[in-house]
**Student:** 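Before I ask anything, let me first share the structure, which is written out below as structure tokens.
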Amino acid sequence: MARLDALVGREPFAAVLMLRLMPVGSALLLSLASGMLGVRIVPFMFATLLGSLPQTVVFVLVGAGTRLDGGLRIGIATVLFGLSALVGLWLMRRMRNRAV
């Protein structure tokens with residue numbers, strides 16, 4: 001918990017955004033941890049908005065792509081999912097380098 005506290009304390013917006021963009025994880029746990037770590041509401045809200053948007057688009061495209069003509073939609077959703085994960089990993093690496 002101390003590592004997470006240090007990470008979120010330095011750059012709360014980037015930390016929450018990074019964790020929201022990761023393809024695995026729990027939004028509930030992130031929200032609870034952010035509250036316990038004292039993340040201010042404005043960075044939390046904007047990071048949540050930006051970080052949740054790609055996953056929401058992916059879910060909409062996959063849901064709409066369940067019909068027979070949905071191959072392109074599922075392909076776009078897969079690419080967006082991958083890009084979201086890559087941006088999250090890039091942010092994580094950037095924040096680790098700043099910590100060293």
Side-chain angles (χ1 to χ4, degrees):
M1 192 71 163
R3 286 180 66 190
L4 184 60
D5 187 27
L7 175 73
V8 172
R10 279 191 312 272
E11 296 184 54
F13 176 79
V16 173
L17 179 61
M18 172 193 63
L19 293 168
R20 289 281 186 210
L21 287 172
M22 291 297 174
V24 294
S26 169
L28 174 63
L29 290 178
L30 176 58
S31 297
L32 292 172
S34 296
M36 290 185 338
L37 295 172
V39 174
R40 293 181 327 199
I41 190 73
V42 173
F44 177 79
M45 284 178 36
F46 282 118
T48 297
L49 176 70
L50 288 175
S52 299
L53 189 61
Q55 287 183 359
T56 302
V57 171
V58 167
F59 295 149
V60 167
L61 288 172
V62 169
T66 56
R67 290 178 290 225
L68 293 177
D69 64 340
L72 179 62
R73 290 184 187 135
I74 291 177
I76 292 170
T78 303
V79 169
L80 286 173
F81 180 78
L83 285 174
S84 175
L86 288 175
V87 170
L89 290 171
W90 175 77
L91 280 169
M92 183 175 68
R93 192 171 274 167
R94 184 178 137 239
M95 291 182 72
R96 277 190 186 164
N97 290 339
R98 284 187 180 181
V100 174

**Student:** Is there a side-chain contact between N97 and R93 (heavy atoms, below 4.5 Å)?
**Tutor:**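 Yes, close enough: below the 4.5 Å cut-off.
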**Student:** Looking at every non-hydrogen atom in both residues, tell me the closest pair between Q55 and M22 and how far apart they are.
**Tutor:**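 It is NE2-O, 3.3 Å.
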**Student:** Give a yes or no answer on whether the side chain of S84 reaches the backbone of L80 with a donor-acceptor pair at less than 3.5 Å.
**Tutor:**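 No; zero donor-acceptor contacts below 3.5 Å.
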**Student:** Working to the nearest 0.5 angstrom, can you tell me the gap between T78 OG1 and L83 CG?
**Tutor:**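 Reported to 0.5 Å precision, the distance equals 11.0 Å.
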**Student:** Is the closest side-chain heavy-atom distance between F44 and R20 below 4.5 Å?
**Tutor:**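 Yes, their side chains come closer than 4.5 Å.
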**Student:** Is it true that L17 and L29 fall in one hydrophobic cluster, defined by side-chain heavy atoms closer than 4.5 Å?
**Tutor:**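 Not linked; separate clusters.
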**Student:** So if you build clusters from Ile, Leu, Val, Met, Phe, Trp, Tyr with side-chain heavy-atom gaps below 4.5 Å, do L50 and L89 land together?
**Tutor:**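 Yes; L89 is reachable from L50 via cluster members.
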**Student:** Under 4.5 Å between side-chain heavy atoms, counting indirect links through other Ile/Leu/Val/Met/Phe/Trp/Tyr residues: same cluster for L19 and F46 or not?
**Tutor:**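 Result: yes, single cluster for both.
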**Student:** Indicate yes or no: at least one non-hydrogen side-chain atom of L21 is less than 4.5 angstrom from one of P54.
**Tutor:**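 When only atoms from C-beta onward are counted, P54 and L21 do touch, with a gap below 4.5 Å.
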**Student:** Give a yes or no on whether W90 and M95 share a hydrophobic cluster (residues Ile, Leu, Val, Met, Phe, Trp, Tyr; joining criterion: side-chain heavy atoms under 4.5 Å apart).
**Tutor:**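 Yes, because W90 and M95 connect within a single hydrophobic cluster, where side-chain heavy atoms sit under 4.5 Å apart.
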**Student:** Examine L49 and L28 and state if one hydrophobic cluster contains both, with Ile, Leu, Val, Met, Phe, Trp and Tyr joined whenever side-chain heavy atoms are less than 4.5 Å apart.
**Tutor:**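 Looking at the clustering, L28 is in a separate group from L49.
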**Student:** First locate atom CG of L86, then atom CZ of F81, and finally report the distance between them rounded to the nearest 0.5 Å.
**Tutor:**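 One gets 10.5 Å once the value is rounded to the nearest 0.5 Å.
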**Student:** Do L91 and R94 touch side chain to side chain, with heavy atoms closer than 4.5 Å?
**Tutor:**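 In short, these two side chains touch, coming nearer than 4.5 Å.
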**Student:** Just verifying a value: how many Å separate F13 CZ and M45 CE, rounded to the nearest 0.5 Å?
**Tutor:**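 Going from CZ on F13 over to CE on M45, the span is 12.0 Å.
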**Student:** Locate the shortest heavy-atom distance separating V16 from L30; write the atom from each residue and the value.
**Tutor:**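 Closest approach of V16 to L30: O-CD2, 4.1 Å.
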